[in-house]
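Only heavy atoms go into these numbers, but all of them, side chains included; no hydrogens, no water, no symmetry mates. Order of appearance sets the numbers: ligands from 1, and atoms from 1 within every ligand. For clarity, every value in this text was computed on a predicted model and none was experimentally measured.
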Amino acid sequence: MEAELAIDVQANYRAVLRRVERAADRAGRDAHSIRVVVVTKLQPVDRIRAAIKAGARDFGENYAEEALPKMQALAGEGISWHMIGHVQSRKARLVVENFALMHSLDSLKLAERLDRFAAELGRVMPALLEFNVGGEASKFGWDASNEERWDELLPEMEAILALSHMRVLGLMTMPPLFSDPELTRPFFRKLAHLRDFLRKAFPHHPWEELSMGTSADFEVAIEEGATMVRIGEAILGPRPRVA
Ligand SMILES: *Cc1c(COP(=O)(O)O)cnc(C)c1O
């Protein structure tokens, strides 16, 4: 408990924004084109409130059920919620009802369910396509590790782009984690290349957003073109370790 009080969320948030600015400068990019999504999984509501006080407006959760009570507690704060975790098809309705952006769209089946619920609710659901650029068995997303097989992804992408109540805005990835963020750079670069590839295949879609980079490596992700970085512990402090 003592340790929790010592976490200065406002100072952390400001420090992260400065690092975002410096990374954007290095890359010759406008820092305003980069959105910080504060990842709140396993974090208590008071730390989220402190982040709101510091100016944060975008928050990411991995599980809809965990997010709902936090959303209720913070209703009226004018913040947006992002779904960043794997969603089972039977939870699709919760996502459409409660989240502004789905970062982790990882199957045609899920896209079809989201589309159906979005149609029922009379909304269009913005989403990012999640790719597994490192080919790790533990990660979700379409396997995009082998560039020579990207063509095989196109039929499913085309089917998703045709859904009338989904709007695909870009790509997302959770690359392999290394202690040296430089080692993650090739994976971020790969996602950016994949974006260029999809842009060529489907030029009438925007493909603007690249959601990549966490506390461990967000500066490298920004240098490689990230437009959204998903940052948890660097802002809200350590998560309780689950047994
Ligand atoms: C937990 C999580 C993050 C944030 O990780 P930190 O190390 O706390 O910055 C980002 N993206 C996804 C998909 C996550 O699950």
Does E77 pair with R49 as a salt bridge, N-O distance under 4.0 Å?
yes
Around atom OH of Y63, are there more than 12 heavy atoms of other residues, nucleotides or ligands at under 6.0 Å?
no
Residue among H82, K41, K70 satisfying side-chain hydrogen bond (donor to acceptor under 3.5 Å, both in side chains) with E61
K70
What does the N/O contact table under 3.5 Å look like for ligand 1?
residue  : atom   : partner : partner atom : Å
ligand 1 : 8 (O)  : G232    : N            : 3.4
ligand 1 : 8 (O)  : E233    : N            : 2.8
ligand 1 : 8 (O)  : R239    : NH1          : 2.7
ligand 1 : 8 (O)  : R239    : NH2          : 3.3
ligand 1 : 9 (O)  : S215    : N            : 2.9
ligand 1 : 9 (O)  : S215    : OG           : 2.5
ligand 1 : 9 (O)  : G232    : N            : 2.9
ligand 1 : 11 (N) : R230    : NE           : 2.9
ligand 1 : 15 (O) : K41     : NZ           : 2.7
ligand 1 : 15 (O) : N62     : ND2          : 2.7

K53: what forms a side chain to side chain contact (heavy atoms under 4.5 Å, CB included) with it, not counting sequence neighbours?
Q10
Identify every side-chain donor-acceptor pair in residues 176-187 under 3.5 Å, counting partners at least two apart or on other chains, and give the distances.
residue : atom : partner : partner atom : Å
D180    : OD1  : E182    : N            : 2.9
E182    : OE1  : R185    : NE           : 2.8
E182    : OE1  : R185    : NH2          : 3.4
E182    : OE2  : R185    : NH2          : 2.7
R185    : NH1  : E223    : OE1          : 3.0
R185    : NH1  : E224    : OE2          : 2.8
R185    : NH2  : E223    : OE1          : 2.7

Name each donor-acceptor pair under 3.5 Å that joins a side chain in residues 119-127 to protein atoms two or more places apart or in another chain, with its distance.
residue : atom : partner : partner atom : Å
E120    : OE1  : R93     : NH2          : 2.8
R123    : NH1  : V96     : O            : 2.6
R123    : NH1  : F99     : O            : 2.9
R123    : NH2  : F99     : O            : 3.4

